[in-house]
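Worksheet for the structure shown next.
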Amino acid sequence: MTKKVRVRFAPSPTGGLHLGGVRTVLYNYLFAKHHGGDFVLRIEDTDQTRYVEGAEQYIYDCLSWCGLEPDESPLKGGPHVPYRQSERKAMYYQYAKQLVDAGYAYYAFDTPEELDAMRANLKTEANPTPQYDGKIRMQMRNSLALGMEEAQRLIDAGTPYVIRIKMPQNEQVVFTDMIRGEVHFDTNLVDDKVLLKADGMPTYHLAVVVDDYLMQITHAFRGEEWLQSAPVHILLWQYLGWGDAMPQWAHLPLILKPDGHGKLSKRDGERLGFPVFAMNWKDPKTGEETQGFRERGFLPEAFINILAMLGWNDGTEQEIFTKEELIAKFDIGRVHKGGAKFDYEKAKWYNHQYIQRKTDAELIPLVKPYIIAQGATTDDAYLEKVIALIKERCTLLPDFWEQGHFFFTTPEIKELAAITDKWNEQKKTFFESWAAGLDGITNWTHEAIEASFNEVMAAQGLKKGDVLLPLRIMLVGGKYGPGVFQIAEMVGIEELRTRIQSAIN
RNA sequence: GCCGCGUUGGUCAAUCGGCUAAGACGCCUCCCUUUCACGGAGGAAUGACGGGUUCGACUCCCGUACGUGGUACCA
């Protein structure tokens with residue numbers, strides 16, 4: 001019998017959640033749900049110097065907006081409380097101690113200054129970043145070099161210390177990554193990572209393995225930036241005696257900048273004009289606000305679809321997937337090895353597709369806030385008709401105002417030249433007489449309005465090419481929008497007259 | 001520097017030894033629409049490079065180049 005699948009997303013509450021983070025959540029979530037398992041959210045707040053107020057709440061809000069609700073979390077609780085590492089602080093020491101007692105780790109008393117000095121002294125062109133490793137540790141101030149008795153004396157005297165893993169010499173750490181296959185590491189090239197910091201908090205390295213073990217995590221998915229520290233984690237699982245319970249690993253490819261090189265960052269979004277965070281994030285220290293996909297007008301369904309396809313596909317030509325379809329079809333083995341450059345144009349295309357797939361009624365509550373924000377008022381029945389008329393030309397939610405503002409307020413004429421260029425008395429006469437005869441239209445439908453327009457036009461010897469564009473400019477203010485007579489029908493006879501009159505004058 | 005990982009059109013990508021190398025985004029042309037979109041029909045554009053292995057290589061192996069990540073008492 002196989003264990004129930006349990007995965008976790010373990011962010012640090014240090015700021016906004018960006019695309020890569022949400023995609024990591026998504027792949028974890030999809031994998032768990034595909035296998036009928038649990039998705040747990042654990043907050044990795046072991047570095048109090050980087051703690052940012054509000055960042056944890058922001059994570060809950062993002063997951064909620066995306067529809068990726070955890071089964072267990074600090075908020076929701078669960079069988080393995082607490083889910084916040086700072087609250088689990090007391091649990092880690094015993095495991096670090098266990099490692100020291102077993103000879104797999106040691107106490108180190110080196111001050112930050114001593115570490116800097118060591119790195120500075122050993123730094124050469126051939127070795128620009130010296131490590132605290134098997135070659136150097138006997139020259140440092142630790143329980144290996146000093147002896148356990150002296151170490152104990154220092155500890156008793158209150159000397160600050162950390163606990164470091166003692167990396168073995170001349171060993172190969174080999175493991176199978178679900179995405180990359182077999183990966184090899186030479187232990188001589190890995191440093192003696194700090195496991196427990198001087199403040200008693202564990203580092204990520206200790207905390208992940210302890211918590212993954214205690215929380216019975218079966219599959220650990222994380223970004224590729226963690227791949228190099230995997231051998232430390234694997235050794236820890238063995239040294240702690242939990243080798244049989246170790247989760248299967250998968251290191252996800254990175255999401256890269258669309259231009260240039262490197263990981264996608266917040267700055268790239270600002271530079272290139274697209275969001276990088278899921279939702280707006282305001283840094284409480286600097287007050288700086290970064291726009292998110294939600295506020296930009298993306299639908300959450302589109303957002304997760306975009307992310308799902310950035311590094312994965314099901315092998316068919318299908319590109320639009322509901323969350324349920326993603327759950328049914330997701331296969332971690334089909335995730336790509338290489339990073340993907342983010343393409344904002346494609347992201348917009350997805351959102352456009354999702355808007356088209358929504359019914360007009362479903363769009364009402366999504367569009368309404370944008371109308372109200374502009375100071376306009378509307379009722380649902382009217383809004384629904386407007387949506388039907390303009391949704392195919394809307395890509396992001398704010399486009400509904402851009403493309404439909406003239407249904408709610410009298411537009412400013414922005415392309416006046418389109419009327420005045422070939423304007424003459426004959427046209428003026430035409431608009432005046434047509435406007436005057438509007439009362440004669442018995443049923444106010446766009447067909448009837450158009451028929452009346454054509455009738456007057458023909459009677460005065462004009463052609464559509466002469467007067468249709470001017471009418472559009474009068475009604476819309478620019479050369480865009482749905483059929484002019486449909487707009488006329490919607491705004492009503494009074495408003496139609498008003499717009500014609502004010503344009504003529 | 002060292003180590004890990006990667007490399008199919010501008011971008012996302014299919015292919016798991018038989019390729020005249022899918023599809024999508026974007027771009028271009030035309031049609032539709034006397035607006036702008038949508039839609040429809042076309043088009044340009046791809047296997048980093050060099051060696052092997054093989055009847056046959058985009059697919060397997062080895063180099064090289066390039067990219068990317070790591071090299072913290074940060075995650």
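A note on names: the letters A, B, ... follow the listed sequences, proteins ahead of strands, and every chain is numbered from 1.
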(message) Using a 6.0 Å cut-off, check whether atom NZ of A:Lys166 has over 12 heavy atoms from anything other than its own residue.
(response) no
(message) Measuring to OP1 and OP2 of B:C12, would you say a side-chain N or O of A:Arg23 lies under 4.0 angstrom away?
(response) no
(message) Output one letter per nucleotide in nucleotides 25-34 of chain B: B when a protein non-hydrogen atom lies under 4.0 Å from the base, S when only the sugar-phosphate is that close, - when neither is.
(response) B--------B
(message) Does A:His336 reach a base, just sugar-phosphate, or nothing at all? Heavy atoms under 4.0 Å.
(response) sugar-phosphate
(message) Can you list, in residue-number order, the parts of residues 174-196 of chain A that come under 4.0 Å of RNA chain B, counting heavy atoms only?
(response) A:Arg180, A:Val183, A:His184, A:Phe185, A:Leu189, A:Val194
(request) Specify the residues of residues 128-145 of chain A, ordered by number, for which at least one heavy atom lies under 4.0 angstrom from an atom of RNA chain B. (result) A:Pro128, A:Thr129, A:Gln131
Name each donor-acceptor pair under 3.5 Å that joins a side chain in residues 207-215 of chain A to protein atoms two or more places apart or in another chain, with its distance.
from	atom 1	to	atom 2	distance (Å)
A:Asp211	OD1	A:Arg88	NE	2.7
A:Asp211	OD1	A:Arg88	NH2	3.0
A:Asp211	OD1	A:Tyr92	OH	3.2
A:Asp211	OD2	A:Gln85	NE2	2.8
A:Asp211	OD2	A:Tyr92	OH	2.6
A:Asp212	OD1	A:Arg8	NH1	3.2
A:Asp212	OD1	A:Arg42	NH1	2.9
A:Asp212	OD1	A:Arg42	NH2	3.1
A:Asp212	OD2	A:Arg8	NH1	2.5

(request) Classify the ring geometry between A:Phe431 and A:Trp423 as parallel (under 30°), tilted (30 to 60°) or perpendicular (over 60°). (result) parallel
Would you kindly give the [atom1]-to-[atom2] distance between [X] and [N], to the nearest whole Å?
X	N	atom1	atom2	value
A:Asn351	B:A37	CG	C1'	16 Å
A:Lys391	B:G39	NZ	P	13 Å
A:Lys348	B:C12	NZ	C1'	16 Å

(request) Go through B:C5, B:C12, B:U35 for me and flag the one nearest to the A:Lys479 side chain. (result) B:U35
(request) Please measure how far the C1' atom in B:A13 lies from the corresponding atom in B:U46, and state the result in whole Å. (result) 11 Å
(message) Reading 5' to 3' and counting Watson-Crick or G-U wobble pairs with both distances under 3.5 Å, write the dot-bracket notation for RNA chain B, | for bases paired outside the strand.
(response) (((((((..(((.....[....))).(((((.......)))))....(((((..]....))))))))))))....
(request) With RNA chain B as reference, determine whether A:Arg334 or A:Gly483 sits nearer its 5' end, using the nearest nucleotide of each. (result) A:Arg334
(request) Can you run down the ring pair (Phe, Tyr, Trp, His ring centres under 6.0 Å) pairs that involve residues 182-203 of chain A, sequence neighbours left out, and say none if there aren't any? (result) none
